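A short write-up of the structure that comes next.
Values below: all heavy atoms of this structure, side chains included; hydrogens, waters and symmetry mates excluded. The structure presented is a predicted model; accordingly, all values stated were derived computationally and were not measured. Labels below follow one simple rule: chain letters A, B, ... track the order of the sequence lines, proteins then strands, and each chain is numbered from 1.
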2 protein chains.
Amino acid sequence: MLRQPSSGYDVKKQFDTSLRNFWKAELSQIYPTLQKLETEGLLSSAKVDSEQGPQRVVYSQTESGKAELLHWLGDGPTVGTERIGFLAQTYFLAQLGDANKAIEFFEELRSYFAERLEALQAREAEWSAANPLYPDELPDHDFFPQLTLDCGIHRIAATLAWCDKTLTRLKQRQRSAA
Amino acid sequence: MLRQPSSGYDVKKQFDTSLRNFWKAELSQIYPTLQKLETEGLLSSAKVDSEQGPQRVVYSQTESGKAELLHWLGDGPTVGTERIGFLAQTYFLAQLGDANKAIEFFEELRSYFAERLEALQAREAEWSAANPLYPDELPDHDFFPQLTLDCGIHRIAATLAWCDKTLTRLKQRQRSAA
DNA sequence: TATCCCATGTAACTAGTTACATGATTCG
DNA sequence: CGAATCATGTAACTAGTTACATGGGATA
């Protein structure tokens, strides 16, 4: 995230815009982590006067930090560690003992994913409109981030379809039970 | 997870079989957590002699624990907290500066998801063969877990499609660059 | 004058991982 | 006889969250 030297505050903005679909972090985690990485020599800092507000602490990548990154990337994909809260809830939903509440749960889920999907598609449309090379001729440092957007769209569309299918099934069960 | 009174060891097995697609936990987290929940009155324990190995500590749900569960389920879906390691890597993959390594990364990813998809489909086939009511007439306490399996299949199929699409795009870029 | 954005952090806590430690029974 | 399974846990550590604390400048 330090291809351009950045402060903790900048890093937070990058999390909130570009990485929000697959990773989040709070400032209270970011600041100590940057300090720790600096003591480990993985990045370096410099103080810079800000145009408004207090002095900025700007961090840059070091050789050793770059090597660590390449090691992580070269070590193969990180998979199988995901924790999906709404599926954990789904698993136990029978214990509500209330078909209507289960349906409400899925309606809320559905509307969340519908909104996310629209947001991602809007983002894609913006990129596409702003850049005639979108998406396949983008330079690498834009192309790979674009892949994460594309993955988000695929996965959220699939999850939305599952919500719809589930709602149909739940309503059918309710009719059968009546 | 304590609809049937269970030991920490049993709970671990439930994580490894039924919940593995959306949540994992180690014994070293499970044992202390069960102890903590007991001190909070959310569950109760009893010692039972085992057929083999040491005495089992078997936990059961309490009224107060059940109430807590219902509260969590009634509070709406937990969303937007997922951390997806392979997308974090994808985002930074340009920094490898090596198109072949990026392709290898996605080939590894693809084969992982292909395998997972087969495993989930096999699981579904088993269930289906073993139970003539599968899936829509299952009783609630089997139906809702089945939904998590179905969601896994939808999402992994979508992710696999994205891997294939990405590989095609990466190979095309390589040709264009040549 | 109130709220938002800039910009930094610490403290207390909760969650989760990896490694260590023990010991019986069963199966190949 | 060795490995796997049953069964319990602790210790040390890393990761992450929530709440607290400060204060200037810009915008409505």
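Closest to the side chain of B:Y31, from the set C:dT18, D:dT18, D:dT8, is D:dT8. Distances were taken from every side-chain heavy atom of B:S28 (C-beta onward) to each of C:dT18, D:dT8, C:dT8; the shortest belongs to C:dT18. When the nucleotides C:dA7, D:dT18, D:dA7 are ranked by their closest atom to the side chain of A:R56, C:dA7 comes out on top. Looking at the side chain of A:E26, the nearest of the listed nucleotides D:dT18, D:dT10, C:dT8 is D:dT18.
Note: CG (B:L27) to C1' (D:dA4) measures 15 Å, nearest angstrom. If you measure from atom CD of B:Q14 to atom C1' of D:dA7, you get 17 Å, rounded to the nearest angstrom. The nearest whole Å value for the distance from the CG atom in A:L37 to the P atom in D:dT14 is 13 Å. Between the P atom of C:dT25 and the CG atom of B:D49 lies a distance of 13 Å, rounded to the nearest Å. As rounded to whole Å, 13 Å separates atom C1' of C:dC5 from atom CG of A:D16. For the pair B:Q55 CD and C:dT25 C1', the interatomic distance rounds to 16 Å; values are reported in whole Å. We find that CG of B:L34 is positioned 13 Å from P of C:dG16, with the value rounded to whole Å. When the P atom of D:dT18 is taken as reference, atom NZ of A:K24 falls 12 Å away, rounded to whole Å.
Annotation: of the two residues near DNA chain C, A:V58 and B:A25, the 5′-most nearest-nucleotide partner is A:V58. Along DNA chain D, the nucleotide closest to B:D10 and the one closest to A:Q29 are compared, and the more 5′ of them pairs with B:D10. Judged by closest nucleotide on DNA chain D, B:P32 is the one of B:R83 and B:P32 placed further toward the 5' end.
Within the 4.0 angstrom heavy-atom criterion, only backbone atoms of the sugar-phosphate kind lie near A:K36; the bases stay farther away. If you check every strand for non-hydrogen atoms under 4.0 Å, A:K47 touches nothing.
Residues A:Y31 and A:M1 do not share a hydrophobic cluster, clusters being chains of Ile/Leu/Val/Met/Phe/Trp/Tyr side chains in contact below 4.5 Å.
An angle of 40°, rounded to 10°, separates the two end axes of the helix from C:dT1-D:dA28 to C:dG28-D:dC1, each defined over five pairs.
Residues A:L42 and A:S64 form a side-chain contact, since some pair of their non-hydrogen atoms from C-beta on lies under 4.5 Å apart.
Here the options are A:R123, A:R116, A:R155, the test is side chain to side chain donor-acceptor pair (under 3.5 Å), and the partner is A:N21; only A:R116 passes.
Ring orientation note: the planes of A:F22 and B:Y91 are tilted relative to one another, at an angle of 30° to 60°. Using the six-membered ring where Trp is involved, B:F86 and B:F113 have ring planes that are perpendicular, over 60° apart on the 30 and 60° scheme. Ring pair B:F106/B:W162 is perpendicular by interplanar angle, where above 60° counts as perpendicular and below 30° as parallel.
A donor N or O paired with an acceptor N or O is not found under 3.5 Å between the base of D:dT8 and the side-chain atoms of B:S7.
By the 4.0 Å N-to-carboxylate-O rule, A:D164 lies close enough to A:R110 to be salt-bridged with it.
Side-chain polar atoms of B:Q172 and B:R175 form a donor-acceptor pair below 3.5 angstrom.
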